[in-house]
Amino acid sequence: MAKRVEASNVTAYYGSFKAIENINLTVEPKTVTALIGPSGCGKSTFLRSINRMHEVLPGARVEGNLTIDDQDIYDRDVDVTAVRRMIGMVFQRPNPFPTMSIFENVVAGLKLNGVRKKSILEDAAEKALRSANLWDEVKDRLGKPGAGLSGGQQQRLCIARTIAVEPQVVLMDEPCSALDPISTLAIEDLMFQLKDKFTIIIVTHNMQQAARVSDRTAFFSIEKTGDPGRLIEYDNTQKIFSNPSVKKTEDYITGRFG
Amino acid sequence: MTTTVTSHRTRPPAQPATLRARRLPWYAAPAIAVAALALSAVIVYGTDIGGPVLVVVLAAVLYLVGLFAAANAVEGRRSARNRTWSALIHSAFVLAVLPLVSVVWTLVSKGAERLDVNFFQTSMNNIGARDANGGAYHAILGTLEQVGIATLITVPLGILCAIYIVEYGRGKFAFAIRFFVDVMTGIPSIVSGLFVLAFWVLIVSPWFNDGRPSFSGFAAALALSVLMLPTIVRSTEEMLRLVPPPLREGAYALGVPKWKTILRVVLPTALPGIVTGVMLAIARAAGETAPVLLVAGGGAAINTNPFENNQSSLSLFVYQQAGDASRYAPARAWTAALTLVALVLILTIAAKLLARRNRLSR
């Protein structure tokens with residue numbers, strides 16, 4: 001299920017602005033990797049270029065090599081929708097589809113990609129909702145609108161929606177930043193469980209969270225405003241948080257900068 | 001001494017000792033209103049300068065002044081301004097609703113006279129100036145067919161055009177389309193009628209009619225389409241722009257293709273607003289007289305075929321009956337006007353209910 005993500009010399013632009021430069025990084029299957037760094041350092045840009053969501057914005061483009069188990073996802077022959085089905089994404093703010101019920105939200109990815117059979121959809125919905133630790137809370141109101149849930153439940157609904165299409169890699173862009181501590185804890189627990197099946201890459205501003213949930217941590221930074229973001233250090237989480245090899249990482253982690 | 005002055009200056013503005021404040025009693029505002037009305041009546045009738053309308057207008061002004069003075073004296077400046085502006089806003093609402101109520105009242109009271117079964121079953125065929133009967137069946141049929149065909153043409157075209165502008169169009173071409181849609185919004189209905197007369201009735205229709213130009217309900221539908229299209233495009237465009245981008249991204253991130261995202265996520269989210277825009281366009285088209293007169297020609301007889309020969313419409317019927325010399329014609333005009341308003345109202349309510357049916361109950 002889970003696959004290896006390999007980035008070499010990845011550079012991403014917004015129009016003429018270079019947002020990240022020469023990112024080299026390998027993410028092993030079935031691990032949680034955290035991307036940390038100050039605002040504007042390109043963590044999210046890098047994350048979005050992994051499932052080709054970066055190019056959705058007008059004028060945005062990516063250079064370099066990004067492979068999933070040795071398949072180049074930026075190859076000319078690659079179908080973007082296939083890439084995104086393989087690499088799911090959870091966004092900062094929960095974004096359930098407002099016109100759909102909870103059930104329809106969870107199976108949206110399957111249904112909109114042509115799965116019609118009701119029994120398959122029902123099984124998939126239950127499985128995804130159970131994996132997202134949401135089943136017990138919503139099983140009696142699957143027909144109610146997804147937008148009627150609380151923020152934390154909505155975010156878990158979005159996670160269920162993402163894993164219902166059975167991706168290999170799950171990207172999370174600050175998934176807890178709009179949530180309270182209890183919902184955050186629920187989602188962090190979820191990440192531990194999901195690690196068995198998926199490769200998870202998470203962008204977070206919360207360093208305790210990075211330390212709690214991730215196996216490996218990548219620290220991104222910029223020299224000054226307007227410069228492209230660069231990967232400063234990438235290592236085991238424990239090493240990054242206890243004994244980083246670059247001075248800048250230490251400064252950031254101890255709160256002396258950023 | 002100096003220190004006290006300095007400390008005094010740096011202190012924030014004096015806090016009130018209590019959060020309570022003096023309030024006007026509840027009967028103050030109605031009392032001022034009654035007093036204003038009485039004073040106004042005395043002034044107007046005493047000096048004999050006008051009638052009841054002037055009394056009300058003057059009373060409103062006196063009420064505002066009196067309310068401000070009273071509130072200013074008892075409650076203070078902020079509260080006085082609040083009360084005056086609230087009163088102004090309420091008056092503006094009344095002023096805006098007044099013509100609407102007046103129109104509906106006039107229509108109902110004058111239209112009731114011929115609101116009988118006969119009116120909806122007969123046409124004006126063979127109805128002379130001395131006949132009290134006669135109805136608008138042919139006109140209702142014409143309006144339904146013409147507006148129906150125009151809607152069938154413009155709704156898909158307009159929504160697709162708006163989708164292009166919002167989701168696909170980039171650069172100068174999309175900008176040009178937006179610009180020309182804006183220009184189209186300002187086309188007078190007579191111009192659209194002339195365009196269809198010159199293009200469809202005189203040039204194209206002879207091909208289908210043994211070489212002779214022919215009026216038809218379809219030509220009227222074409223002219224109405226020209227008028228409806230910009231309204232639908234612009235309102236749909238605004239509604240699509242209101243759909244939050246994260247919803248589209250959420251669908252893309254599930255591997256859903258762009259066209260399907262638009263069809264299944266973006267359009268349903270914007271649907272209620274799109275329906276409102278379409279209904280506005282339909283209401284405008286149903287009320288147009290000039291283009292129908294120009295290219296469908298009107299007519300007294302029932303013509304069920306929109307593609308051949310003259311057809312009438314409700315608004316055209318109103319125009320013709322209102323100008324008719326027969327003493328029975330004005331009543332028919334009022335009833336037809338009432339029918340037209342009721343038709344648009346019913347269509348609007350039906351469309352709103354349909355749009356809501358798909359949305360989930362909370």
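Here is the naming used below: chain letters follow the sequence lines, and residue numbers restart at 1 for every chain. From a predicted model like this one, the values you see are computed outputs, not experimental measurements.
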Does the ring center of B:Phe199 lie less than 6.0 Å from the ring center of B:Phe195?
yes
Looking at A:Arg48 and B:Glu249, does any basic side-chain N land under 4.0 Å from a carboxylate oxygen?
yes
Neighbours of chain A found in residues 259-266 of chain B - heavy atoms under 4.5 Å
B:Lys260, B:Arg264, B:Val265
Does B:Arg241 have more than 12 heavy atoms from other residues, nucleotides or ligands lying within 6.0 Å of its CZ?
yes
Anything in residues 68-92 of chain A with a heavy-atom distance to chain B below 4.5 Å? Please list those residues in order.
A:Thr81, A:Arg84, A:Arg85, A:Ile87, A:Gly88, A:Met89, A:Phe91
Give the member of A:Leu171, A:Asn95, A:Asn51 that has the highest number of heavy-atom pairs under 4.5 Å with chain B.
A:Asn95
Would you call B:Glu237 and B:Arg178 a salt bridge, taking side-chain N to carboxylate O under 4.0 Å as the test?
yes
Pairing of B:Arg248 and B:Glu167 as salt bridge, 4.0 angstrom limit:
yes
Determine, for B:Tyr168 and B:Lys258, whether the Lys NZ or Arg CZ falls below 6.0 Å from the six-membered ring centre while staying within 45 degrees of the axis.
yes
Is the shortest distance from a Lys or Arg side-chain nitrogen in A:Lys127 or A:Glu166 to a carboxylate oxygen in the other one below 4.0 Å?
yes
Hey, does the Lys NZ or Arg CZ of A:Arg161 hover above the aromatic six-ring of A:Phe97, less than 6.0 Å from the centre and inside 45° of the axis?
yes
For B:Ser192 and B:Pro188, indicate whether the former's side chain and the latter's backbone hold a donor-acceptor pair under 3.5 Å.
no
Which region of A:Arg52, side chain (C-beta onward) or backbone (N, CA, C, O), has a non-hydrogen atom less than 4.5 Å from a non-hydrogen atom of chain B, or is it both or neither?
neither
Pair A:His54 + A:Tyr14: ring centers closer than 6.0 Å
yes
